[in-house]
Amino acid sequence: MKHRVEEIAMFQRFGAGVLASGIVALLLKIVGWHTPAVHTAQMIAWQNMPLFTRINLPDPTTEAIMSQYLQGLSAKKMVASQQGIWIQSGLTVLAKHQDRVPLPAASLTKIATTLASLETWGPNHQFETLVSATGPIKNGVLQGDLVITGGGDPLFVWEEAIAVGNSLNQMGIRQVTGSLIITGNFYMNYSQDLPSSGQLLRQAINSKLWSRGFIYRHAIMPKGTPKPQVVIARGVKVATFPIPKQILLIRHRSVSLVQILKEMNIHSNNEMAEMLTKALGGPEVRSQLVIKAANIPPEELHLVNGSGLGVENQISPYAVCAMFMAVDRFLQSYKLSVFDVFPVSGLDKNGTLFGRHIPLGTAIKTGTLNTVSALAGVMPTRDRGPVWFAIINRGNDVSEFRKQQDEFLQRLAQQWGTVPSFNVSTTQVPNLLGDPKRNEKMTTVQAKAQR
């Protein structure tokens, strides 16, 4: 205690000012005196100051719990040097182990993809898919080709396609004499193969071609959703050159980026992560965005793709937490938080949290490979406030790693007390898919103006 009070006195001597007073306030909180709350953005900025090393005051209890956890892994023949941990509350590093060493992070890579996507487009961004015609519409027949121009939407799935088909029917189109032409970055049902995506769309907009999957998805859409019928006469083609004289019929907008990211992270969808990374300009561009946004050392982040598949994707536990906190900092100005883009224990029960026993109210990102089990997130606590953590394990028993991770977090939760909060701003994504309001249909005048 004497050491901590001396630290406080040292910072007080720096004089007045927002930065100094903020640091003093947080240090006073550490010793139990009431102070105003400190904004996450301030904490991240201060964390990267040289003085931060002077206020890393590890918590003996947390370190003891971590030591027990590592001893348990060692007893099961897990190599200590292949296990990484970083636990932080405010400016205080509560415990750490191999914390600045890049380790195979598996799908924790998607935290980087999430951060870069938000920094590039913002949480309200919507990807556009354009539906156009190359000929006139007469008596329900489009005399020409139907052209789909993809804009990189990673969540264009059955329901979205059904909604597009119904919009075409509402515009009087039931037959196409030409082909369904695919151009741009058009993905359907997470497929990056343009011909396959085109075939799926052709099937989706003609209910007479539906398979069981389409029938099921339509059945869980809002009651009364029509079954589209748009017959494509000449099959699917992928454009290899610009198509002149297109008439824009529909401007389809995706759900918001924050909802796309939530869906990606709940299910740790590799295909969606790769699509977003491609739209960002590739893994290298994504990494540079993340390094700047989270202010992390470049040597602690080695990523080769957007999803985390492969042990070549390596991140230090410290860098993982820095990225997670940077996501939260970015979203705060939109009155959102990490709870809006990552699964929450007790709320998002399917996906990667199925079967896990993580303290309620914890925002989580998991990562799994054959020999890797990783976990990162933030746990709201009574005594420590938000506790940010990253755990990266490597070895041959992923199931045991998961069990030990859950027990580790439960012991920490028992020590500090949890404060579960489900104040999540986004609506569950499945309820939003196929919403016809996101299809902007062009009038005849508007359509001609797009020629």
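Just so it is clear, the structure is predicted and the values come from calculations on it, not from any experiment. Both backbone and side-chain heavy atoms feed into the values below; hydrogens, waters and symmetry mates do not. All residue numbers refer to positions in the sequence shown, counting from 1.
With K441 contributing its side chain and I250 its backbone, the two residues share no donor-acceptor pair below 3.5 Å. A donor-acceptor contact shorter than 3.5 Å is absent between the side chain of R217 and the backbone of E159. When atom types are taken as modelled, the side chain of S345 and the backbone of I358 share a donor-acceptor pair closer than 3.5 angstrom. Remark: side-chain polar atoms of S207 are paired, donor with acceptor, to backbone N or O of P228 under 3.5 angstrom. A distance-only check finds a donor-acceptor pair linking the side chain of Q410 to the backbone of H357 [under 3.5 Å]. Under the 3.5 Å distance criterion, the side-chain polar atoms of E63 are left unmatched by any main-chain donor or acceptor of A95. Judged by distance alone, the side chain of K262 and the main-chain N or O of F339 form a donor-acceptor pair under 3.5 Å. Judged by distance alone, with hydrogens and angles left aside, the side-chain atoms of Q203 form a donor-acceptor pair with the main-chain N or O of L209 at under 3.5 Å. A donor-acceptor contact shorter than 3.5 Å is absent between the side chain of N269 and the backbone of E263. At least one donor-acceptor pair closer than 3.5 Å links the side chain of Q88 to the backbone N or O of G90.
For the pair P283/L303, no side-chain contact is recorded, criterion being any heavy-atom separation below 4.5 Å from C-beta on. Using a 4.5 Å cut-off on side-chain heavy atoms (C-beta onward), R384 and M379 make no contact. Put simply, the side chain of H302 does not reach to within 4.5 Å of the side chain of E312, judged on heavy atoms. Between S307 and K110 the shortest side-chain heavy-atom distance falls below 4.5 Å. No side-chain heavy atom of P154 sits less than 4.5 Å from a side-chain heavy atom of E271. Side-chain atoms of I85 and L70, non-hydrogen and from C-beta on, do get closer than 4.5 Å to each other. Under the 4.5 Å side-chain criterion, counting only non-hydrogen atoms from C-beta, N265 is not in contact with I111. A 4.5 Å side-chain heavy-atom check between Y69 and Q405 finds at least one atom pair inside the cut-off.
Each of D397, T368, L375, N393 was evaluated against R402; a single residue qualifies, T368, per the side-chain contact (heavy atoms from CB on, under 4.5 Å) test. The side-chain hydrogen bond (donor to acceptor under 3.5 Å, both in side chains) with N305 is formed by just one residue from the set N270, T109, N313; it is N313.
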inquiry  = L168 vs L249, test: side chain to side chain contact (heavy atoms under 4.5 Å, CB included). Steps then yes/no.
reply    = CA-CA 8 Å; L168 288 170; L249 302 175; 4.2 Å; yes
task = Applying side-chain hydrogen bond (donor to acceptor under 3.5 Å, both in side chains), run through D328 and Q332 and close with a yes or a no.
result = CA-CA 6 Å; D328 194 63; Q332 282 183 0; 3.1 Å; yes
inquiry  = side-chain hydrogen bond (donor to acceptor under 3.5 Å, both in side chains), that's the test. Do E284 and Q288 meet it? Break it down for me.
reply    = CA-CA 6 Å; E284 182 60 31; Q288 293 303 316; 3.0 Å; yes
task = Please assess Q259 against L155 for the test side chain to side chain contact (heavy atoms under 4.5 Å, CB included), listing each intermediate value before the final yes or no.
result = CA-CA 10 Å; Q259 292 156 348; L155 197 54; over 6 Å; no
query = Please walk me through it: do L412 and V387 pass side chain to side chain contact (heavy atoms under 4.5 Å, CB included)?
reply = CA-CA 10 Å; L412 293 174; V387 175; 5.9 Å; no
inquiry  = For L433 and M221: C-alpha separation, side-chain torsions, deciding distance, then whether side chain to side chain contact (heavy atoms under 4.5 Å, CB included) applies.
reply    = CA-CA 8 Å; L433 294 175; M221 292 178 73; over 6 Å; no
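By the 30° and 60° cut-offs, the orientation of the rings of F324 relative to F342 is parallel. The aromatic rings of F214 and W158 sit perpendicular, their planes meeting at an angle over 60°, well past the 30° parallel limit.
Nearest heavy atom pair, residue C321 against residue W388, reads SG-C, 3.8 Å. The two residues M188 and S197 have their closest heavy-atom pair at N-OG, 3.1 Å. The nearest pair of heavy atoms linking V131 to L248 is O-CD1, 3.6 Å. Closest approach of L353 and P343 over heavy atoms only: CD1-CB, 3.8 Å. Contact between S268 and T352 at its shortest, heavy atoms only, is CB-CG2, 3.7 Å. For Y318 against P297, the heavy-atom pair with the smallest separation is CE2-CD, 4.1 Å.
Here L309 contributes atom CG and L369 contributes atom CG; the two are 7.0 Å apart, rounded to the nearest 0.5 Å. To the nearest 0.5 Å, atom OH of residue Y187 and atom OG of residue S196 are 13.5 Å apart. Annotation: the span from R329 atom CZ to L115 atom CG amounts to 8.0 Å, rounded to 0.5 Å. Rounding to the nearest 0.5 Å gives a distance of 9.0 Å between OG of S316 and CD of E299. For the atom pair I181 CD1 and I148 CD1, the distance stands at 10.0 Å (nearest 0.5 Å). Between F408 atom CZ and I65 atom CD1 the span is 7.5 Å, to the nearest 0.5 Å.
More than 12 heavy atoms of other residues, nucleotides or ligands shown are found within 6.0 angstrom of CG on D193. In the displayed structure, H267 atom NE2 is contacted under 6.0 Å by more than 12 heavy atoms of other residues, nucleotides or ligands.
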